[in-house]
Number of protein chains: 2
Amino acid sequence: MGDRPTLQDVARAARVSTATVSRVLNTPGQVRVETRARVEAAIARLGYLPHFGGRALALNRTNTVGVVIPTMANAIFARGLQALQETLAEAEINLLIATSGYDVAREAEQIRTLLSRSVDGIVLIGEARPRESYDLLNSHGTPFVILWTWRADSPYICVGFDNRAAARAMAEHVISAGHRRIAMISGLTESNDRAQLRLEGVRDALHLHGLALDGAHLAETPYGLDQGAEAAAHLLMLPQRPTAILCGNDVLAAGAIEGARRAGFVVPADVSIVGFDDVELARVAQPPLTTVHVPHRRMGHEGARVLLEMISDQGPGHSVELETEIVDRASLGRLPQPQSA
Amino acid sequence: MGDRPTLQDVARAARVSTATVSRVLNTPGQVRVETRARVEAAIARLGYLPHFGGRALALNRTNTVGVVIPTMANAIFARGLQALQETLAEAEINLLIATSGYDVAREAEQIRTLLSRSVDGIVLIGEARPRESYDLLNSHGTPFVILWTWRADSPYICVGFDNRAAARAMAEHVISAGHRRIAMISGLTESNDRAQLRLEGVRDALHLHGLALDGAHLAETPYGLDQGAEAAAHLLMLPQRPTAILCGNDVLAAGAIEGARRAGFVVPADVSIVGFDDVELARVAQPPLTTVHVPHRRMGHEGARVLLEMISDQGPGHSVELETEIVDRASLGRLPQPQSA
DNA sequence: TTGTAAGCGTTATCAC
DNA sequence: GTGATAACGCTTACAA
């Protein structure tokens, strides 16, 4: 006990060579039935399990895909991962998960670790990272795909959606509901391209309608229920009180609803609040959140599929653009159209 | 590109032996400064990263801990994992995450995979699994800890809480609020000891008060918002309509609130609904859920700590019982005490 | 159909 | 301080 049996041990027990045991494991067809039976019996009796390190060394393949996500605490990443894993599991591939805590230096470190482990492929979130990380990835020739974002002219293989366009569409939606005094609670934008793009998308739409997001009406805060609540309370104290608050994700939005309620405002009668992501929280919040539905499961499945292709075909891979969709629930209210634009 | 540099390559480039390069990497103090500088330059220039497989073979250690959870789609596991990972990361240990989908056979398979990868330790959820899995674990001598459950007489190292006692306490709480017609929406109990224990705990408390949970008042369903809603709608159609519904977790409870509302009932005026876990959903639901707070972050941190001890000291490890706590929010209403028991 | 033996990239035990 | 060299467990020509 404690001393793990090796191929040698199995070979001895079955009175064959290690090569034969290896064949039983990998190409059982090449072994005579009786020999095979003897070997299999020995394997079972000893509780033998192949040694991954030895195999990795001999094969230069690990059947492992690595992924670096910002955090597992955000349900949307966890759920995307679940989908990713389901598809990888079908190909008998395991997932090595690392987190960066939204910190680029930590992410770079995690990428090194994954490469060091000879993962067959890597999944990353978003495009924003130092050149060195991309260089390292390329010099090792390890295929990688980027999730949660998609741009027409991205030099990388992306399986995701256009954050900017999606946010712009949501802002348009809010504007066409009659809102003019609009505020935003954004996630931290530093080295988070999804947050940046969503903010830009909102700005795009406002600009198109001759509106703007002045500093006072933009709150930037880490994702969290409390942070959303606090930001909303603050925005609602402003002299030019917003009639609608766009949030960088559903957690912030759910928090914002709570903050608004505590400050004595009724959603959406007094203030409209919309989210982004469409997680369970959006459906449970009261009023239920009008939000942008992100196809997180499809993203996971497609991402896995594309990466698997790159791994087996050694091909360049291809990006996939996924569609988002505005889910109209009840947190967005309609305002009478103002007389003058 | 594509062909990863090895220790040999670095050694050649730095005009030293592989042994010296290895020393620079592992025990830099033993190498003369100038030699070290030369080697480090070569490492940087070549973009060398140690080969994990080779190292695993030579060291018989992988700096990896494996964990098998039912699913990442449930936020509570994802969050527990996040905490687990934070503590492991401090010890430079990586997490290999596998999911079982609440299926014991798949879990057994995943345990084999983890052992095959020579993980230094394993984290499992709950105690319910076939003897063979435990035998395999023991025969390999790989330390493991069990999370999410704790029993005084468990033969395993557990870092968790007493699910039965916690559920009993919640049921007592509901009873002492005056409820007598009580129903439960449980998660699937087959090979899920947490779900079983929570159900038993509720039964314990009811029994103590001369009450019982007849078949009609017990719904067993997979975790999910829709499942909770459906189960609640069904229970509320019963002739002996329950005044309180205990749920196996917060997702079911949040769904139940939705189901009750859609069926025209007001929570908690018409029916009280309580949950278990205390995830974000509980706070966001309207009315906010009265639920059992599970210290998922502490569980992750403590679990990691205990496992790390077992790995380094080779000691037997020790279980840790964590306390749960009832969080009173607004989904539990008080009923006038009935005249007769 | 089976066995022999080289090689995968690292670390560790020796000498020097 | 540094260099040979023998493990570590596995796969895979090549031989038999």
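Letters A, B, ... are given to chains in the order of the sequence lines, protein chains preceding strands, and every chain is numbered from 1.
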Residues from residues 108-122 of chain B lying under 4.0 Å of DNA chain C - heavy atoms
none
Which letter, B, S or -, goes with each nucleotide of nucleotides 5-16 of chain D from 5' to 3', with contact meaning a protein heavy atom under 4.0 Å?
---BBBBBB---
Among all residues two or more places apart in sequence or in another chain, which pass the side-chain hydrogen bond (donor to acceptor under 3.5 Å, both in side chains) test with B:Arg23?
none
Who passes ring-ring contact (aromatic ring centres under 6.0 Å, His included) against B:Phe52, sequence neighbours left out?
none
How would you list, by chain and number, every residue that makes a side-chain hydrogen bond (donor to acceptor under 3.5 Å, both in side chains) with A:Asn163, sequence neighbours excluded?
A:Arg198
How would you list all residue pairs meeting side-chain hydrogen bond (donor to acceptor under 3.5 Å, both in side chains) that involve residues 26-37 of chain A, not counting sequence neighbours?
A:Ser22-A:Asn26, A:Asn26-A:Arg55
Residue pairs meeting salt bridge (charged side-chain N to carboxylate O under 4.0 Å, His left out), one or both in residues 66-79 of chain B, sequence neighbours left out, come to B:Arg79-B:Glu280
Pairs flagged by salt bridge (charged side-chain N to carboxylate O under 4.0 Å, His left out) wherever residues 119-144 of chain A is involved - sequence neighbours left out
A:Arg61-A:Asp120, A:Glu107-A:Arg129, A:Glu127-A:Arg151, A:Arg131-A:Asp135
Can you confirm whether the side chains of B:Thr142 and A:Arg4 place a donor and an acceptor under 3.5 Å from each other?
no
Give every donor-acceptor pair under 3.5 Å between a side-chain atom in residues 88-96 of chain B and any protein atom, sequence neighbours left out.
none

Does some side-chain heavy atom of B:Ile111 sit less than 4.5 Å from a side-chain heavy atom of B:Leu137?
yes
Is there a side-chain contact between B:Val159 and B:Ser319 (heavy atoms, below 4.5 Å)?
no
Reading DNA chain C from 5' to 3', where do the contacts with chain A start and stop? Cut-off is 4.0 Å to heavy atoms.
C:dT1 to C:dG9
Difference in axis direction between the ends of the helix from C:dT1-D:dA16 to C:dC16-D:dG1, five pairs, 10°
40°
In residues 301-311 of chain B, what donor-acceptor pairs under 3.5 Å come from side-chain atoms, sequence neighbours left out?
unit_1: B:His301; atom_1: ND1; unit_2: B:Arg297; atom_2: O; d: 3.3
unit_1: B:His301; atom_1: NE2; unit_2: B:Glu86; atom_2: OE1; d: 3.3
unit_1: B:Glu302; atom_1: OE1; unit_2: B:Arg305; atom_2: NH2; d: 2.8
unit_1: B:Arg305; atom_1: NH1; unit_2: B:Glu309; atom_2: OE2; d: 3.0

Examine distances only and state if a side-chain atom of A:Asn192 and a backbone atom of A:Ala195 form a donor-acceptor pair shorter than 3.5 Å.
yes
